[in-house]
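So you know, we letter chains A, B, ... as the sequences are listed, proteins then strands, and number each from 1. The shown structure was predicted, so the numbers you read here are calculated from the model rather than taken from an experiment.
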Number of protein chains: 2
Amino acid sequence: MKNRELKEAGLKTTAPRVKILQILEKAKVRHLSAEDIYKMLVESGEDVGLATVYRVLTQFESAGLVIRHHFEGDSSVFELDDGEHHDHLVCVKCEKIVEFVDPIIEKRQLSIAEENHFRITDHSLYIYGICKSCNQLAS
Amino acid sequence: MKNRELKEAGLKTTAPRVKILQILEKAKVRHLSAEDIYKMLVESGEDVGLATVYRVLTQFESAGLVIRHHFEGDSSVFELDDGEHHDHLVCVKCEKIVEFVDPIIEKRQLSIAEENHFRITDHSLYIYGICKSCNQLAS
DNA sequence: CTTAATGCAAACCGTTTGCATAGAT
DNA sequence: ATCTATGCAAACGGTTTGCATTAAG
């Protein structure tokens with residue numbers, strides 16, 4: 001039941017919120033834009049406005065249910081926050097995304113912030129490259 | 001003379017291009033938005049349109065004179081590309097930016113790409129936080 | 001019943017583009 | 001003289017907001 005998670009986040013149980021949470025949990029792709037989610041809702045016959053999708057995602061973000069990424073480029077993408085921080089390795093050809101965590105990098109980041117007297121709030125590390133399969137296709 | 005750099009980049013020597021290049025080279029702040037640059041131009045009495053600032057910056061980017069960053073906030077910022085790679089520590093309050101290079105992180109990134117069979121092309125690491133002075137202002 | 005959430009359309013904001021004019025070679 | 005660059009204003013695309021309506025508790 002999604003109701004539980006919403007309640008705990010202090011959000012009323014409404015159709016759009018439940019639906020969006022379901023989509024985020026069940027989608028085969030982990031990183032979705034507001035537009036992606038909106039389209040999925042429309043396709044599954046839901047009557048939800050794009051504005052609501054944005055509002056809900058923003059609320060989810062504040063509630064810690066979701067993480068918003070500002071990928072280089074146009075729109076933001078959202079992914080479920082399962083509490084496990086990770087960074088991203090992105091294939092610039094096929095857009096495949098591999099998530100990873102590297103304790104050494106994490107530690108160094110903390111040290112760097114500390115050395116510069118910053119109270120760290122967040123960080124984003126994206127490594128861009130070409131994945132194995134794209135690499136094999138002569139380009 | 002800026003003419004040389006422009007020529008080498010295959011760009012005609014025009015007043016807006018020369019002026020913008022000068023600003024990027026001389027500004028006390030290394031990372032500037034298009035709007036920042038536009039304001040500086042206007043303040044120094046230049047008759048340049050914002051659209052031109054964007055066009056010129058985009059050309060500079062293609063020419064490798066400048067690097068465009070998409071930080072967390074709204075707009076993009078530009079900095080001179082002096083060929084020295086570095087990452088960024090960004091204050092989310094006052095937007096102060098500290099540049100750094102960490103050899104350990106650099107090395108780990110290579111390993112991670114390799115482990116995942118990615119041929120690395122690029123990467124970006126932004127650490128977001130609150131700097132000392134902003135931290136002291138009770139918020 | 002009371003107050004918060006939604007849909008719609010309009011507003012926003014950074015950035016881009018079309019077009020007629022000014023400027024570089 | 002030729003062809004690119006510029007300024008202006010309008011267009012754009014993602015995101016936010018105002019407001020009347022609907023629904024949750």
**Q** Classify every nucleotide of nucleotides 20-25 of chain D by which part a protein heavy atom approaches to under 4.0 Å, writing B for the base, S for the sugar-phosphate alone and - for neither, in 5'-to-3' order.
**A** ----SS

**Q** Following the transitive rule for hydrophobic clusters with a side-chain heavy-atom cut-off under 4.5 Å over Ile, Leu, Val, Met, Phe, Trp and Tyr, establish whether A:Y126 and A:I67 coincide in one cluster.
**A**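 The answer is no; the residues belong to distinct hydrophobic clusters.
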
**Q** For A:H117, give me all partners under ring-ring contact (aromatic ring centres under 6.0 Å, His included), at least two apart in sequence or on another chain.
**A**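 None.
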
**Q** Go through residues 40-65 of chain B and report each residue with a non-hydrogen atom lying under 4.0 Å from DNA chain C, sorted by number.
**A**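 By residue number: B:L50, B:A51, B:Y54, B:R55.
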
**Q** Could you list the cluster mates of B:F100? Members are the ILVMFWY residues connected by side-chain heavy atoms closer than 4.5 Å, either directly or through other members.
**A**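 Its cluster mates, by chain and number, are A:L89, A:V98, A:F100, A:I105, A:L110, A:I112, A:F118, A:I120, A:L125, A:I127, B:L89, B:V98, B:I105, B:L110, B:I112, B:F118, B:I120, B:L125, B:I127.
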
**Q** Test: ring-ring contact (aromatic ring centres under 6.0 Å, His included). Region: residues 6-27 of chain A. Which pairs qualify, not counting sequence neighbours?
**A**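 Pairs touching residues 6-27 of chain A that pass the test: none.
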
**Q** Of all residues at least two apart in sequence or in a different chain, which pass the ring-ring contact (aromatic ring centres under 6.0 Å, His included) check with A:H123?
**A**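 Here the qualifying residues are A:H85.
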
**Q** Does any N or O in the side chain of B:H86 come within less than 3.5 Å of the main-chain N or O of B:E84, such that one atom is a donor and the other an acceptor?
**A**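 A pair under 3.5 Å: yes.
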
**Q** First locate atom CG of A:L32, then atom CG of A:L80, and finally report the distance between them rounded to the nearest 0.5 Å.
**A**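 One finds 10.0 Å between CG of A:L32 and CG of A:L80.
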
**Q** Can you list every pair that meets ring-ring contact (aromatic ring centres under 6.0 Å, His included) and has a residue in residues 37-60 of chain B, with sequence neighbours left out?
**A**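 Listed by first then second residue: nothing to list.
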
**Q** Sub-3.5 Å donor-acceptor pair from the side chain of A:R68 to the main-chain atoms of A:S76, do we have one?
**A**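 No.
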
**Q** Just the rounded figure in Å: distance from C1' of D:dG7 to CZ of B:R17.
**A**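 Checked: the CZ to C1' distance equals 14 Å.
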
**Q** Taking A:R30 first and then A:D82, would you say they form a salt bridge - that is, a charged N and a carboxylate O separated by under 4.0 Å?
**A**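 Salt bridge flag = yes for A:D82 with A:R30.
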
**Q** Under 4.0 Å, counting only non-hydrogen atoms across every strand here, what does B:S33 touch: a base, just sugar-phosphate, or nothing?
**A**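 Counting heavy atoms under 4.0 Å across all strands, no contact is made by B:S33.
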
**Q** Contact boundaries of DNA chain C with chain B (under 4.0 Å, heavy atoms), 5' to 3'?
**A**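 Contacts span C:dG14 to C:dT25, reading 5' to 3'.
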
**Q** Sequence neighbours left out, what passes side-chain hydrogen bond (donor to acceptor under 3.5 Å, both in side chains) with A:E43? Give chain and number order.
**A**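 side-chain hydrogen bond (donor to acceptor under 3.5 Å, both in side chains) list for A:E43, sorted by chain: empty.
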
**Q** Going by the rule side chain to side chain contact (heavy atoms under 4.5 Å, CB included), which residues pair with A:E114 if we only count those two or more places apart in sequence or in a different chain?
**A**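 Applying side chain to side chain contact (heavy atoms under 4.5 Å, CB included) to A:E114 gives none.
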
**Q** Taking only residues two or more places apart in sequence or in another chain, which ones pass side-chain hydrogen bond (donor to acceptor under 3.5 Å, both in side chains) with B:E95?
**A**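 Listed in chain order: nothing, the list is empty.
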
**Q** Just the rounded figure in Å: distance from P of D:dT15 to CG of A:D36.
**A**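 Taking CG of A:D36 and P of D:dT15, I get 11 Å after rounding.
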
**Q** Take the protein atom CZ of A:F78 and the nucleotide atom C1' of D:dG14, then report the distance between them rounded to whole Å.
**A**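 That distance rounds to 11 Å.
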
**Q** End-to-end bend of the helix from C:dC1-D:dG25 to C:dT25-D:dA1 (five-pair axes, 10° rounding)?
**A**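 Computed from the C1' atoms at both ends, the axes differ by 30°.
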
